[in-house]
Amino acid sequence: MPDAQSAVVGLQAGTDVLFLLVGALLAFVMHAGFAFREAGTVRHKNQVSALCKSLVVLAVSVVAYFVVGYTMAYGASFFTGAGALSGGDGFGPQGLSLARFFFLAMIAAMVPTIVSR
């Protein structure tokens with residue numbers, strides 16, 4: 001019975017990671033959609049600037065989330081090792097904490113993207 005129970009726990013962790021990664025991928029693709037929408041609303045000569053602005057907003061938002069948001073949410077400091085950033089017990093089952101960070105960073109980066117449109 002313990003083998004079946006550990007298999008179920010592993011399946012649950014894998015499903016959690018898959019769900020978070022699919023959600024993060026959808027949020028990431030939304031950034032591209034917003035960028036193309038903005039590029040379609042400006043003149044041809046300004047499209048490159050609009051697309052660059054969208055990339056810069058995404059990059060700055062992810063860095064700001066890592067420095068400020070992740071620290072506030074999980075109590076980890078910016079200048080700690082990877083073990084401490086992941087909660088002290090590695091990266092969890094099948095990289096759950098990394099998938100959670102990617103998902104939350106994409107959602108946090110969505111806020112200034114929506115506000116700036």
Side-chain angles (χ1 to χ4, degrees):
M1 198 56 130
D3 293 330
Q5 194 172 23
S6 65
V8 169
V9 169
L11 181 65
Q12 180 184 4
T15 306
D16 290 344
V17 170
L18 177 67
F19 184 75
L20 282 172
L21 287 178
V22 167
L25 183 65
L26 289 173
F28 184 70
V29 170
M30 283 177 66
H31 288 288
F34 286 135
F36 289 134
R37 179 192 168 275
E38 186 174 359
T41 61
V42 297
R43 293 177 60 180
H44 181 70
K45 67 178 188 166
N46 298 330
Q47 286 179 346
V48 173
S49 296
L51 292 172
C52 286
K53 185 191 93 157
S54 295
L55 283 175
V56 168
V57 165
L58 176 67
V60 168
S61 297
V62 168
V63 171
Y65 172 72
F66 179 69
V67 172
V68 178
Y70 194 78
T71 302
M72 287 186 349
Y74 296 104
S77 157
F78 180 67
F79 295 107
T80 59
L85 285 177
S86 66
D89 59 348
F91 291 110
Q94 302 178 5
L96 183 61
S97 62
L98 292 176
R100 185 183 316 126
F101 171 78
F102 182 54
F103 175 74
L104 292 174
M106 289 300 107
I107 297 300
M110 191 75 61
V111 173
T113 302
I114 292 172
V115 169
S116 70
R117 304 296 176 235

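These values consider heavy atoms only, across backbone and side chains, with no hydrogens, waters or symmetry-generated copies. Starting from 1, each residue takes its place in the sequence as its number.
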Excluding sequence neighbours, so at least two apart, what forms side chain to side chain contact (heavy atoms under 4.5 Å, CB included) with Val22?
-> Leu18, Leu26
Shortest non-hydrogen pair, Met110 vs Met30, comes out as CE-CB, 3.7 Å
Do Val63 and Leu104 belong together in a cluster built from hydrophobic side chains that touch within less than 4.5 Å?
-> yes
Transitive ILVMFWY cluster of Phe36, excluding itself - 4.5 Å side-chain cut-off = Leu51
From CZ (Phe28) to CD1 (Ile107), nearest 0.5 Å | 13.0 Å
Linking I/L/V/M/F/W/Y whenever their side-chain heavy atoms sit closer than 4.5 Å, directly or via other members, would Val68 and Tyr65 fall into one cluster?
-> yes
When clusters are formed by joining ILVMFWY residues with side-chain heavy atoms under 4.5 Å apart, either directly or through shared neighbours, do Leu55 and Val48 land in the same one?
-> no
Could you tell me which residues satisfy ring-ring contact (aromatic ring centres under 6.0 Å, His included) with Phe103, sequence neighbours excluded, listed by chain and number?
-> none
Val60: what forms a side chain to side chain contact (heavy atoms under 4.5 Å, CB included) with it, not counting sequence neighbours?
-> Val56
Can you name the side chain to side chain contact (heavy atoms under 4.5 Å, CB included) partners of Phe102, sequence neighbours left out?
-> Leu21, Ala24, Met106
If you look at every heavy atom in Ala108 and Pro112, which pair is closest and at what distance?
-> O-CD, 3.3 Å
Enter the distance from Asp16:CG to Leu11:CG here, rounded to the nearest 0.5 Å.
-> 9.5 Å
First locate atom CD1 of Ile114, then atom NE2 of His31, and finally report the distance between them rounded to the nearest 0.5 Å.
-> 8.5 Å
List the atom of Val42, the atom of Ala50, and the distance in Å for their closest heavy-atom pair.
-> CG2-CB, 4.2 Å
Working to the nearest 0.5 Å, report the span between CZ of Arg43 and OG of Ser49.
-> 12.5 Å
